[in-house]
Amino acid sequence: MQLLALTLAASLGIATSFHVPSTVKPKLHSTSTKLFAADGEAKKNIVIIGGGWGGLSCAHTLGCSDSNVSVTVVDAANRVGGLVRDGYMSMNGTRKAEAGQHGFWDNYHNIFNLMENELPINVDDVLTGYDLQGQYSPKGLEAVWPVYRSNPQLPTGLAQALYTTFENLSVIDRLTAFPLVLAFSEFDNSKEAWEQYDKISFRDLCVKLGVSRKCYEETFEPMILTGLFAPGEECSAAAALGMAYFFVLKSQNSFDVRWCKGNIGDKIFQPWVEYLENKEGNSEVNFLTSTRVIGFEGSEGSNDITKVICQSNDGEHIELEADTVVFGVGGAALNGLVRNSPLLAKHAEFRKFANLRGLSVLATRLYFDRLVDTKYSANACWGFDEKVGQTFFDITKLHGIDDAEGSIIEVDYYHANSLLVMDDETIVKKVKRDLDTMIGKECIEATVIDAAVVRLNTAVNWYAPGSYKNMPSVKSLSISNAYFVGDLVKTDHGSWSQEKAFVTGKEAANLILGNTIDKDIIPLSDDEIHVAAGRKLVSMAKEAVGLGDKSRAPSLVDFLW
């Protein structure tokens with residue numbers, strides 16, 4: 001049953017979870033001279049490269065500790081925040097835009113805790129309530145995702161199967177997804193499970209387990225395109241299973257999502273940055289924006305990094321002394337840092353990061369001359385372009401713009417290399433055609449008066465088959481004072497996307513401070529009884545076949561591959 005629900009997972013704003021910067025006053029400074037505390041002890045200089053959810057989470061945990069540390073967050077953009085910044089302008093130069101919409105799902109326990117209990121913001125003022133979500137193809141409305149928490153509680157899987165409305169997918173097609181229960185029961189997010197299921201693509205897993213073509217193309221492919229930003233044949237089965245379980249099947253409420261009522265940069269990241277800049281205590285957090293890292297220096301006889309070499313956007317050369325370095329960038333950026341640094345590239349661990357790649361996103365926002373009625377404020381789409389995922393959002397509704405004279409609609413495309421090559425005007429015309437198809441007459445009769453086009457080339461992480469062995473752990477294995485944070489980092493926590501980046505930030509900070517890795521981190525809830533029972537049965541079967549050693553028993557993947 002747990003898998004039957006994945007059929008309904010085809011989804012939408014999972015896609016909205018890639019990352020980008022917010023609102024920070026640029027503050028250029030050099031820490032080439034160590035800072036000292038009042039008692040004369042040298043502060044420990046910690047340099048964090050990247051100001052997304054992971055980097056800021058790490059800075060927050062370090063900065064709010066009572067440790068004697070000086071944290072410097074370096075970000076190439078003029079505002080911190082990773083891929084959620086609002087530093088883009090419309091074509092007319094009069095309106096701000098973001099790089100996509102970013103949802104907050106039910107299992108974002110640690111991010112919700114940050115907003116509710118630590119930052120000076122009111123969550124209900126910042127985030128929308130829960131609402132229905134739609135899914136469209138060129139044929140029209142295909143599915144409606146309810147607010148699952150508003151329905152009677154049922155076992156996960158059964159709940160999603162019964163409460164989700166599919167307009168055109170037959171029960172027989174949905175039932176062909178049932179064999180995936182075996183894969184979900186074996187995949188427990190362990191290192192061994194990742195190594196097994198990372199060998200095979202998610203599409204191959206579905207085909208070999210007998211999922212019908214219609215079920216795969218109308219449910220699973222849209223889910224993967226908007227959740228992992230690439231087609232199923234280009235995504236690891238391990239990543240797909242982990243992502244789908246976290247966002248859809250962990251519990252009945254897992255897919256319930258809230259959206260920011262404005263730009264995340266203004267509503268969340270700016271208050272967060274100001275809080276860290278102004279907090280009192282032994283530790284301090286500084287932000288070095290509009291600055292790129294261009295190299296590293298080390299000391300003789302040691303593998304440690306001792307300096308981070310930077311260059312500001314106006315050409316200023318900056319050297320940051322570092323007792324600890326935290327890499328908070330995505331796979332493509334990490335690849336670039338290694339390529340340009342002999343110090344990093346001499347280590348096999350860092351050289352394998354050259355195998356990491358990024359996927360491209362096209363984020364667009366159209367401003368209309370009149371209000372256009374959209375049935376649902378958040379929607380997933382599929383089938384408009386081959387191997388391209390798509391979502392659209394009614395910003396007017398999500399942001400609560402009651403006095404708007406015309407609608408503002410965000411349309412984002414994933415695995416979008418084939419679209420990035422078009423010029424802005426051609427992109428806007430294409431987006432309008434897609435909306436006309438989905439919304440109908442009201443949109444057809446409306447005129448676009450302004451638009452924003454944001455190209456994010458190789459900006460989001462690519463979980464390709466075989467990529468797991470190249471992904472970093474929280475602590476470097478070869479450079480003793482280097483750590484990694486972000487949604488590409490290996491963790492046992494089980495979270496994904498923004499929540500995973502946030503969690504790994506806390507994990508890295510905990511290790512730097514000498515704490516246990518999971519200190520003050522809220523875990524995911526336990527598996528529901530039927531899920532735990534299924535996983536226990538699979539584990540017992542493998543232990544029996546392996547004569548007491550599960551590692552000697554074959555995996556389901558071994559029979560499929």
Side-chain angles (χ1 to χ4, degrees), residues 1-15 103 105-108 129-137 139-185 187 202 205-206 209-224 226-227 240-258 375-382 391 496 524-535 537:
M1 256 327 161
Q2 167 184 1
L3 271 292
L4 188 58
L6 189 54
T7 314
L8 18 129
S11 105
L12 86 322
I14 295 182
W105 275 263
D106 191 68
N107 287 324
Y108 279 20
Y130 300 99
D131 201 357
L132 303 177
Q133 304 171 74
Q135 180 175 310
Y136 288 85
S137 78
K139 299 177 183 177
L141 184 66
E142 297 283 353
V144 179
W145 311 98
V147 178
Y148 291 98
R149 65 196 339 102
S150 66
N151 292 288
Q153 290 294 305
L154 293 173
T156 186
L158 178 61
Q160 291 91 332
L162 292 179
Y163 295 145
T164 307
T165 302
F166 285 98
E167 301 291 333
N168 301 307
L169 190 65
S170 71
V171 173
I172 293 175
D173 278 308
R174 279 179 263 172
L175 285 173
T176 64
F178 186 75
L180 282 170
V181 171
L182 294 172
F184 273 92
S185 296
F187 185 81
F202 182 67
L205 178 67
C206 290
L209 287 178
V211 177
S212 75
R213 178 187 293 271
K214 186 175 178 64
C215 179
Y216 177 81
E217 291 181 348
E218 297 189 11
T219 60
F220 294 114
E221 184 73 342
M223 177 190 68
I224 298 302
T226 56
L241 294 173
M243 180 271 296
Y245 186 60
F246 175 76
F247 279 114
V248 183
L249 295 172
K250 182 65 180 172
S251 71
Q252 174 175 317
N253 298 342
S254 290
F255 197 58
D256 288 344
V257 59
R258 303 175 72 177
K375 199 165 188 178
Y376 308 104
S377 56
N379 306 270
C381 327
W382 56 271
T391 51
W496 272 87
L524 293 178
S525 59
D526 293 336
D527 291 335
E528 293 188 7
I529 294 175
H530 62 299
V531 177
R535 288 182 168 172
L537 285 173

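Keep in mind that this is a model prediction, so the values were computed, not measured. Sequence positions, counted from 1, serve as the residue numbers for this chain.
Taking 4.5 Å as the limit, some side-chain heavy atom of Tyr163 sits within range of a side-chain heavy atom of Pro152. Contact check for Leu132 versus Pro146: side-chain heavy atoms found under the 4.5 Å cut-off. Within the 4.5 Å cutoff, no side-chain heavy atoms of Asn168 are placed close to those of Lys139. When side chains are defined from C-beta on, Ser254 does not count as touching Trp105, because their heavy atoms never get closer than 4.5 Å. Inter-residue side-chain proximity for Val531 and Lys250 is flagged as unmet; no heavy-atom pair is nearer than 4.5 Å. Within the 4.5 Å cutoff, the side chain of Glu218 has no heavy atoms near those of the Ser137 side chain. By the 4.5 Å heavy-atom criterion applied to side chains, Met243 and Ile224 are counted as neighbours. Inter-residue side-chain proximity for Arg174 and Phe166 is flagged as met; some heavy-atom pair is nearer than 4.5 Å.
With sequence neighbours left out, Trp382 forms a ring-ring contact (aromatic ring centres under 6.0 Å, His included) with no residue at all.
For Glu528 against Leu154, the heavy-atom pair with the smallest separation is OE1-O, 4.5 Å. Across every non-hydrogen atom of Ala177 and Cys215, the tightest pair is CB-SG, 4.2 Å. Annotation for Ala244 and Phe184: closest pair CB-CZ, 4.1 Å, computed over non-hydrogen atoms. Across all their heavy atoms, Glu167 and Val144 have their closest contact at OE2-CG2, 4.4 Å. Between Thr226 and Thr391, the shortest heavy-atom distance links the atoms CG2-CG2, 4.1 Å. Of all non-hydrogen atoms in Asp106 and Tyr130, the two that sit nearest each other are OD1-OH, 4.1 Å.
Listed for the Trp496 side chain is no donor-acceptor partner under 3.5 Å among the backbone atoms of Phe247. A donor-acceptor pair is defined here as one N or O able to donate and one able to accept, closer than 3.5 Å; such a pair exists between the side chain of Gln160 and the backbone of Ser251. Side chain of Arg149 to main chain of Gln252: no donor-acceptor pair is present (N/O by atom type, distance under 3.5 Å, no hydrogens or angles).
In the model, Tyr245 has no side-chain atom that pairs as donor or acceptor with a side-chain atom of Asn107 under 3.5 Å. A side-chain N or O of Tyr148 and one of Thr164 form a donor-acceptor pair less than 3.5 Å apart.
Taking CG from Leu169 and CD from Glu142, the interatomic distance works out to 8.5 Å, rounded to the nearest 0.5 Å. Of the inter-residue distances, the one linking Leu249 atom CG with Leu241 atom CG reads 10.0 Å to the nearest 0.5 angstrom. Expressed to the nearest 0.5 Å, how far CG of Leu158 lies from CD of Gln153 amounts to 11.5 Å.
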For side chain to side chain contact (heavy atoms under 4.5 Å, CB included), just list the numbers for Leu205 and Leu180, CA-CA rounded to whole Å, side-chain angles, deciding distance to a tenth of an Å, and then say yes or no.
-> CA-CA 8 Å; Leu205 178 67; Leu180 282 170; 4.1 Å; yes
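A salt bridge does not link Arg258 with Asp131: every distance from a Lys NZ or Arg NE/NH1/NH2 to an Asp or Glu carboxylate oxygen is 4.0 Å or more. Ion pair Lys214/Asp173 not flagged as a salt bridge, since none of the NZ, NE, NH1 or NH2 atoms sits closer than 4.0 Å to an Asp/Glu carboxylate oxygen.
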